[in-house]
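Worksheet: the structure to be examined is printed underneath.
Atoms considered below: every heavy atom in the structure, side chains included; atoms not considered: hydrogens, waters and symmetry mates. Protein chains get the first letters and strands the later ones, always in sequence-line order, with residue 1 at the start of each.
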Amino acid sequence: MRSSTDQKRKIKNLKSSPTNFYDKIWVIAMENEDVRKKREEWDRKCLKPFLEKSGERQEKFENLSWIEIDRIYDPSDIEHINFIDDIGYPGDYPFTRGVYPTMYRGRFWTMRQFSGFGAAEDTNQRWKLLLKEGQTGLSTAFDFPTLMGLDSDDPLSDGEVGKVGVAIDTLKDFEILFDGIPLDRVSTSFTINPPAGIILAMYTAIGDAQGVPRDQLRGTIQNDMLKEFHAQNTLVLPPEPSVKIITDIFEWGVENVPKFNLISISGYHIREAGSTAVQELAFTIADGMAYVEAAIERGIDIDKLSPQLSFFFNSHNDFFEEIAKFRAARRMWAKIMRDEYGAKNPRSWWLKFHTQTAGCSLTAQQPLNNVVRTTIQAMAAVLGGTQSLHTNSFDEAWALPSEEAVRVALRTQQIIAYESGIPSTIDPLGGSYYVEWLTDKVERLAWDYIERIRKMGEGSMLRGVLAGIENGFFVKEITNAAARFQREVEENKRIIVGVNKFTIEEKLKIPILKVDPEVQRKQIERLRRIKAERDNVAVKEALDWLRSAAENNENVMPPILEAVKAYASVGEIMGVLKEVYGTYKKPIII
Amino acid sequence: MEVDEIVEGILSGNKRYLARAITYVENEFPEGKEILKRVYGRTGKAHVVGITGFPGVGKSTIVSKLTQEFRRRGKTVGIVAIDPGSPFTGGALLGDRLRMDGLDTNRDLWIDPGVFFRSMSSRGRAGGLAAKTGDAVRLMDAFGFDVVLVETVGAGQSEVDIIEVADTSIVALMPEMGDDIQINKAGILEIGDIYVVNKADLGGAEKTERWIKAMLMMDEEAVEILTKTTHAQEYEVQSGKIFDKIARSGWKPPVIKTIADKGEGIPELADAIEEHFKYLKESGMLIETRKKRLTREMTEILVNEIKKYLRSNRAVDFDKIVEKVTSNNLDPHTAVEKILKSILK
Amino acid sequence: MEKKIRVLVAKVGLDGHDRGAKVVARFLRDAGFEVIYTGLHRTPQEVAMAAVEEDVDVIGISLHSGAHMTLVPKVLNYIREYGGNPDELVVLVGGIVPEDEFDELKTKGVDGIFIPGTPISEIVDFINQKVKEKRNKA
């Protein structure tokens, strides 16, 4: 038996000049062997006596996905992880460390704050302000009636017009919304789902009117109906027609607006509904796979489509889990696109994503604490390599954010960008024993879900996701996670500062942004006027064309664009689709 | 609320009073009994239809679509939907109502004056639920509903008891339910006057239909097969029971395939329900079964009242007598004779 | 026998966030109440009729869309129209409501307002207490 000093010398020599592959492996194995021995020694001599004197705060430390977290991680925890295959370099397969080789050294993430309320003019004003303050992209929130494809004068819209976002009934509202905003110089993201095609058509119409070539229009429509069925519940048409229309938008968008992101495959809402990080990751990737399969079935070239796919994740409180989740997402998607769907262009293997900090983590109690939460979550997103980021405002638990709060939220990003030094290097946590272990763990757990869903679809992810929607699989998983979390909070096993610990007697004094009820009245009046002044024959013709296209399984985007340009309303267009495809009744699982 | 007020309210068709009356009978308030006494004269016209079957079969959807169909035929419908409650906390999450069609149909069943939907919890206790359901049904009958639908979860004996409350019992199944024999053991299969195979668009619907028909001795080939399987013995017993029932009642239960969430098969189901009611009336079975049911009910009330009396009356210490019997100091028959003697004094 | 407390948990209007409502519904059941959950996208008329037919003691309306000022009074008015008495009911509103609107909501018949982050045990206690009060008054 060699003496350990001899062993150490051999290892050192071989490391600096290994003669062959086996030597290399031997070195690693020996080092890890050493590590394991050292660990065992540490356990025995250092940890155990200490634990006997003073224990740890909890018996188990579980993160927000109920993954048990160990007290320390070392090289032996990541020996199954190979640097070249699993970690690698940014901009290179499998993109664990980032989609671009320069990441934030080249360009910061887009600081894109979600906003919109009241009538188009109010939003237009807020946007001009934000652009002046340094925001680099626009993001639109719509009111509930618009989100549901209803006009402002629909009886169901009463009391909801302009409340949580901007009210859009016809192209006229869009013209006001983008007045003075050059579409070739901004990129706009639209958080809208069932009527996403209508909104894309409107944006295209504005671009056409401004003389901007369609291939220069940049932005995103969220357009992800699958997650609506899982979590967000903005439901109008049933699942299969919804997927069909999304595929129409892909088909049309690839040819017409090649720089526009045609979908934002979202996990944010799934998380907000109470899922764990693992579920958020798994269900989002599953949805992505479903959409890709739908596109392939349609005959769309996925190398052409992929650059126009984007993702949208949540960034929640567990700092390292979120970072791990983002890295795992990129690695999973790269494998899926290259190996499973055979995409040839490396660009197709990139998972690009937008992140929003977790709305559900904000508290109404001691609201300034939310600035801290948002900061931690924003840092996680940056360390996770997000392409764009929305930071929540501290008063968001109350109502739509005030100007001051929005500014603080934006400054949070700017401080991270300019003052913290984090963006000076790429994936600084790469190689961390904990983060690599956790990235791998989260990925494995997500794959388990993917395989379960695939089984439900008998080999097809698209059928699997649709089956899961029908049999309540997703809703059950999410609701159970939400209930379990709430129970732990109620039992004080999970602490929320200011809510179940460190509470104070408080009288809150935050300036709340209120929406003028006049907005509804004025919007209805505007709609009435448009309907009277437009060419109603042209509208009818366009809607008839849409109806026939829908009935004959043709692409609905061309007739929608026509209808939009004739000033048909969102409600009218959606109405035709509802006629043809029916309205959806969600199976209720509590 | 005063009993007079409520009775008047019910008889004049005011939903608010019906709702309150149901609350009283559900909670066994004495007002409940009073109200039942007063409105009994108005009962007996409604067609009471019970629907049972395992969770997931789609009963709520069937109830919802049936209600729509009956409304289309000009009938008013009262619904009692029973959900299991937690035996531990006593609480319950009643989720049948939310499965009723609302907004997107031509008729919003939630606010239709010709529809009344009441969710009830089984409150963890099986005993007494049948009685309460019966009371609620009676109130709806007195209120004037043409059809009263009772929806339960078919998983045990209590559900079978509840179905005894109904004139027409529907057993709902769906394809590929796994071990079909499970259903047999729960005992609900033999109570059906009408069988429904819902989700008939799923694979295996044909098989399930044939299997039921085999039970009903209506499919010779299937009978052949079943008598040769490992379940042959079960099958013999089960089909025997059903055969007896058919012989007694004279009604051959139809097997109807439905795809409830598309509304398919529902008109046929409504037809079968109406036919059964017609048959019951014409054959005199309606009166006979009601007589039997009322006999059972009155017996149960009688026994309960005696029990209550014994508990409250000091003259007889029931528990002490039970102890004597348990320790072999007294036999059960003599014990009861003793008790009766002291009551009937 | 003490009358079981029945609670209607309602989602009115177009808002699709049901995480809070569902979790609260489960917890209320665990606390021993009979809970009827309406599901999403109910109109004020539907919620009102449900409250009347189910003869509930408590109605909890969950809203995240800021439409509470119009929708809640609508529900209560319809309850009156359908023959019910909203004063007998314990009316709760859950979700995102600015604090300076609390008082106004209370004048419209709301008994309690619960913003996100409230421990559900608080809601349970409130219900027990308020239902007792209202029953004693009756």
Let me know if [X] has heavy atoms under 4.5 Å from chain C in its side chain, its backbone, both or neither.
{"X": "A/N492", "value": "neither"}
{"X": "A/E228", "value": "neither"}
{"X": "A/P145", "value": "both"}
{"X": "A/Q232", "value": "both"}

Report yes or no: is the cationic atom of A/R271 (NZ for Lys, CZ for Arg) under 6.0 Å from the centre of the six-membered ring of A/F283, at an angle within 45° of the ring normal?
->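 That pair does not qualify as a cation-pi contact.
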When you check the gap from the basic side-chain N to the acidic O, do A/E518 and A/K522 get nearer than 4.0 Å?
->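 Not counted as a salt bridge, because no side-chain N and carboxylate O are separated by less than 4.0 Å.
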Can a donor-acceptor pair be found between the side chains of A/N369 and A/Q366 at a distance below 3.5 Å?
->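 Present: a donor and an acceptor within the cut-off.
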Sole candidate of C/K134, C/K3, C/R6 that passes salt bridge (Lys or Arg N to Asp or Glu O under 4.0 Å) when paired with C/D57 |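 In the set C/K134, C/K3, C/R6, the residue that makes a salt bridge (Lys or Arg N to Asp or Glu O under 4.0 Å) with C/D57 is C/K3.
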Residue, of A/D158, A/N233, A/L150, that accumulates the most heavy atom pairs under 4.5 Å with chain C |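 Winner by heavy-atom pair count: A/N233.
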Under 30°, 30 to 60°, or over 60°: which ring-plane class applies to A/F312 and A/Y268, parallel, tilted or perpendicular?
->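 Because their plane-to-plane angle is under 30°, the rings of A/F312 and A/Y268 count as parallel.
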